Each structure stands twice: as C-alpha cells, then as structure tokens.
Amino acid sequence: MKQIALSGIKPTGTLHIGNYLGMIKPAFDLIENFQTLYFVADYHALTTLKGKDTLNHNVYDVVATLLALGLDPQKVIFFRQSDIPEIFEFTWILNCFTAKGLLNRAHAYKAVADANLSVGKQPDADVNAGLYNYPVLMAADILLYGSHFVPVGQDQRQHVEIARDIALAVNNTCGEVLTVPEPLIQETVMTIPGIDGRKMSKNYNNTIPIFADAKALRKQVMRIVTDSRRPEDPKNPDECNVFNIFKYFAPPQTIDSRRNAYLSGELAYSEIKQELYELLNEFFGSRRDTYTKLLDDKNHLDRILNEGADKARAIAGPVLESMRRAVGIRR
Ligand code: TRP
C-alpha cells in the first residue's frame, strides 16, 4: 500500500505562478509514489471570505486550474472539503483534545491579532471563531484520511505541526488511533518573488496569474521591478527579480547562458523580460483554452468533485468510526 499524501488549497483568489511552483508542482510530483488526496478547502476560505459569488467562483477556478494543469482525477482523489460531512464530527472530537493555548499561537489567528494590536485595536477585533479554530479544521482534514505526508508551503508548516500535536494528544489518551503526519516542504522553492521582489502573494498584489491571457501576462512580466542598470552594465542575476522567476521555467543550458550574459553586461532587462514572457506563455498558454472550457462547464466539474468525494468518504468513514470507539462515543 502506498503512503498517503494530502494537501488542501484555499480558494481565496486566482492562482498564480508562486502557487504553481511552491505548491501545485511539488504536489503533482508526488502523484506516482503516493496515494494522493487534494482538495479545495472551501470551509477554510469562509473564515475570511464573505461573499457568495466570489467564493463560489473561486472554488471552480481552483478546480479548473488544477485540471487544466494536468491533474488526473483517476490518479488523485480530488474533492471539495465541504462534500465530506464526516469532517465536522471529527473536528469536534479533535477540538476536545486541542489545548486552547496552542490556538492562541497559531499564525492564521495571530497574524490578525498582531495586525489589530499594531493599529491600536483590540486583538480580537473582527476575529471570528472560525478563524481561531482554523488549525483544528485543518488537523481534521489531515487526520481524517490517515495522511502520512502533507505537502505545503513554508507558511503552513506550523499548522501541520499543530495537527501532529493534536494527533499525539489523541494517541496518548486513547491509544494509537491516528496516523501522525509530517509536513513535506520543498525547501528550494520556498519563496518565489513577486513582481515587486517581495514574496509573491495575493496580499501584496504582486502576482503573475497562471492563466492570465497573453496580453495581461506580458504586461505583468514587463512590470517586474528591476534596478536602473543600463543594457551594457554587468548585472547580478541572483539579485534580479526577473531572473529569479526565469530560472524556474527555463531549460538548464538557457539558465547558464543567461546567467553569463547578466554577468558580462550583454543583456538588457527588457530582453530577459521578453524571454520570460515567452517561456510563461508557452508553458501555460497551451493549457489556457482547456482552463476556459472547463470553467464553462460547472456540471462537469461537479461530477469530478462528486466522484472524488465518494472516494474520500470511503477512506474517512472507517477512521471516524475508530475515533468514535476510541473516545467512547460508540462501543
Ligand atoms: N491552510 C491551507 C492554506 O491556507 C489550506 C489547507 C486547508 C490545507 N486544509 C489543509 C493544507 C490540509 C494542507 C492540509 O494554504
């Protein structure tokens, strides 16, 4: 039996190439060697996103994006978090084994509390209980399917560690009921720079969307911030935001030759930007039509999600059942 790798994507915005490199591609790379479960974490999105049309659109956007990028629902159990009712009973039981102090320190909540404090507000201003309990729901996502590994970006490491802590707390009290998961973090692509050089993130409005149309894609690439060195000046590729994206998409020989051209002053920023645009447009552009067609057929997407949910529930059912027995809710 293959070990289980599980990951969730929160549908809070259009997926960008930082998501692709940091999360989607590493997750795709696991498909051959693990039984993989990938899901759209719509209930997690609800902690911050209020607006039914946006949330609904975002869910299908994530689904269409992943399918267009080549996710094969025959190989991956691909589903929507909210299609699995078992998750709530399981979340409740886990809540009863979760130290409240653990949640005070969890970063999804703490980031908002700290931001409130920094502008002189009460730490809990505008904090809903869903945001506070975010890590418990995430632990339920992970533990309900007996996951061994959780591929996530660096920003989610703490949440996976909380899931570990909760699993250990349950096992210490109730016997070995739960599989204790481990985070799987790809160190090399931890932070993909955005067009302004900060980490690419929708919070900074500095992203390059995966399926932007060719014109928008080119415009965004041309906006990548560089210093003011002239075309003939030698440049440091490792300090260049353009190169730091380029190197993830170009073939190895091209990376070497462009690196040399930077160093010897034979490359203008405008040239490398054009090359990056062409690489991205070639890589993602061929799948853009598939994405648009998928997004237009929501019934088809629902069918795929429903099939995934059936498979996920088949794994979740027995885990929940043994949990109920272990705590004494059932004999
Ligand atoms: N919290 C994750 C994020 O914001 C999404 C997520 C929800 C998740 N449940 C999960 C990731 C379970 C891995 C495993 O990106």
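Computed from heavy atoms alone, side chains included, the values below leave out hydrogens, waters and symmetry copies. Numbers here are sequence positions counted from 1. Since the structure is predicted, the reported quantities are computational estimates derived from the model, not experimental observations.
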Passes side-chain contact (heavy atoms from CB on, under 4.5 Å), Leu6 versus Thr36? Steps please. CA-CA 6 Å; Leu6 165 139; Thr36 45; over 6 Å; no
Check: Leu15 and Tyr20 side chains under 4.5 Å, non-hydrogen atoms: no
For Arg230, the salt bridge (Lys or Arg N to Asp or Glu O under 4.0 Å) test, sequence neighbours excluded, returns Glu232, Asp233
Contact between Tyr38 and Leu30 at the side-chain level, heavy atoms closer than 4.5 Å - yes or no? yes
Heavy-atom distance under 4.5 Å between the side chains of Val63 and Ile304, does that happen here? no
With distance as the sole criterion, is a donor-acceptor pair present between the side chains of Asp141 and Gln81 under 3.5 Å? yes
Can you classify the ring geometry of Phe249 versus Phe283 as parallel (below 30°), tilted (30 to 60°) or perpendicular (above 60°)? perpendicular
Compare every heavy atom of Phe211 with every heavy atom of Ala68, then report the nearest pair and how far apart it is. CB-CZ, 3.9 Å
We want to know whether Tyr134 and Lys10 form a side-chain donor-acceptor pair, criterion being a heavy-atom distance below 3.5 angstrom. yes
To the nearest 0.5 Å, what is the distance between CE (Met23) and CZ (Phe28)? 10.0 Å
Is there a side-chain contact between Asn244 and Glu239 in this structure, where contact means two heavy atoms from C-beta onward sitting under 4.5 Å apart? no
Partners passing side-chain hydrogen bond (donor to acceptor under 3.5 Å, both in side chains) against Lys202 (at least two apart in sequence or in another chain): Thr12
Do the two ring centres, one from Tyr262 and one from Phe243, sit under 6.0 Å apart? yes
Considering all heavy atoms of both residues, which atom of Lys2 and which atom of Ile31 are nearest to each other, and what is their separation? NZ-O, 4.4 Å
From Leu280 atom CG to Ile210 atom CD1, the distance as rounded to the nearest 0.5 Å: 10.5 Å
Lys/Arg-Asp/Glu bridge criterion (N-O < 4.0 Å) met for Arg164, Glu161: no
Not counting sequence neighbours, list each pair that qualifies as a salt bridge (Lys or Arg N to Asp or Glu O under 4.0 Å) and has a residue in residues 259-284. Asp238-Arg259, Arg258-Glu275
Closest non-hydrogen atom pair, Arg313 against Pro85: NH2-CG, 3.6 Å
CD1 on Ile195 to CD on Gln220, rounded to 0.5 Å: 4.0 Å
For the residue pair Tyr269 and Asp227, confirm or rule out a side-chain donor-acceptor distance under 3.5 Å. yes
Say whether, by atom type as modelled, one donor and one acceptor occur between the side chain of Ser7 and the main chain of Pro151 under 3.5 angstrom. yes
Short question: side chain of Asn128, backbone of Thr47 - any donor-acceptor pair under 3.5 Å? yes
With sequence neighbours excluded, residues passing salt bridge (Lys or Arg N to Asp or Glu O under 4.0 Å) with Asp83: Arg80
Residue set satisfying side-chain contact (heavy atoms from CB on, under 4.5 Å) with Gln3, at least two apart, ordered chain then number -> Phe34, His148, Phe149
Kindly write out the residues that satisfy salt bridge (Lys or Arg N to Asp or Glu O under 4.0 Å) with Asp196, not counting sequence neighbours, or none if the list is empty. Arg198
Do you know which two heavy atoms are closest between Val136 and Thr91, and how far apart they sit? CG1-O, 3.8 Å
Do the two ring centres, one from Tyr291 and one from Phe284, sit under 6.0 Å apart? no
Side chains of Thr254 and Phe246: closer than 4.5 Å at any heavy-atom pair? yes
Any side-chain heavy atom of Leu117 within less than 4.5 Å of one from Pro123? yes
Going only through I, L, V, M, F, W and Y residues with side-chain contacts under 4.5 Å, is there a path from Trp92 to Ile162? no
If only atom types and distance count, is the side chain of Asn116 paired as donor or acceptor with the main-chain N or O of Ala125 below 3.5 Å? yes
Roughly how far, to the nearest 0.5 Å, is the SG atom of Cys240 from the CD1 atom of Ile224? 8.0 Å
Single-linkage hydrophobic cluster, 4.5 Å side-chain cutoff, Tyr145 and Phe88 together: yes
Nearest 0.5 Å please: distance from the NE2 atom of His44 over to the CG atom of Leu46. 11.0 Å
Verify the cluster assignment for Leu276 and Val225: are they in a single hydrophobic cluster under the rule of side-chain heavy atoms below 4.5 Å apart? no
Please set out all donor-acceptor pairs under 3.5 angstrom arising from side-chain atoms of residues 165-185, sequence neighbours excluded.
{"residue": "Asn171", "atom": "OD1", "partner": "Val177", "partner atom": "N", "Å": "3.1"}
{"residue": "Asn171", "atom": "OD1", "partner": "Leu178", "partner atom": "N", "Å": "2.9"}
{"residue": "Asn171", "atom": "ND2", "partner": "Leu178", "partner atom": "O", "Å": "2.9"}
{"residue": "Asn172", "atom": "ND2", "partner": "Leu168", "partner atom": "O", "Å": "3.3"}
{"residue": "Thr173", "atom": "OG1", "partner": "Ala169", "partner atom": "O", "Å": "2.9"}

Using atom types as modelled and distance alone, determine if a side-chain donor or acceptor of Thr14 lies under 3.5 Å from a backbone N or O of Pro209. no
Between Leu294 and Ala64, what is the shortest heavy-atom contact and its length? CD1-O, 3.7 Å
In Å and rounded to the nearest 0.5 Å, what is the CD1 to CG distance from Ile208 to Asn19? 12.0 Å
Show your reasoning for whether side-chain contact (heavy atoms from CB on, under 4.5 Å) applies to Glu86 and Leu144. CA-CA 8 Å; Glu86 286 82 357; Leu144 183 58; 4.2 Å; yes
With sequence neighbours left out, write down each residue that passes side-chain hydrogen bond (donor to acceptor under 3.5 Å, both in side chains) with Arg218, or none if nothing qualifies. Gln274
Can you tell me if Asp124 uses its side chain to pair, donor with acceptor, with the backbone of Val127 under 3.5 Å? no
Per the side chain to side chain donor-acceptor pair (under 3.5 Å) rule, what does the pair list look like for residues 293-302, sequence neighbours excluded? Tyr60-Asp302
Sequence neighbours excluded, the answer for side-chain contact (heavy atoms from CB on, under 4.5 Å) partners of Asp29 is Lys25
Judged by atom type as modelled, is there a donor-acceptor pair below 3.5 Å linking the side chain of Arg288 to the main-chain atoms of Ala212? yes
Would a distance-only check, ignoring hydrogens and angles, find a side-chain to backbone donor-acceptor pair under 3.5 Å from Asn281 to Tyr277? no
Side-chain heavy atoms nearer than 4.5 Å, only ILVMFWY residues, links allowed to pass through others: does that put Met222 and Met200 together? no
With Arg105 via side-chain hydrogen bond (donor to acceptor under 3.5 Å, both in side chains) - residues at least two apart: none
Checking the side chain of Asp42 only, and the main-chain atoms of Ser82 only, is there a donor and an acceptor separated by less than 3.5 Å? yes
Taking the side chain as every heavy atom from C-beta outward, state whether Leu69 and Arg287 have any atom pair closer than 4.5 Å. yes
Apply side-chain hydrogen bond (donor to acceptor under 3.5 Å, both in side chains) to Glu32 and list each qualifying residue two or more places apart in sequence or on a separate chain. Lys75
Spell out, as yes or no, whether a donor-acceptor pair under 3.5 Å connects the side chain of Arg324 to the backbone of Ile329. no
Close side-chain approach of Leu103 to Tyr109, heavy-atom, < 4.5 Å: no
Quick one: sort the His107 and His159 rings into parallel, tilted or perpendicular, breaks at 30° and 60°. parallel
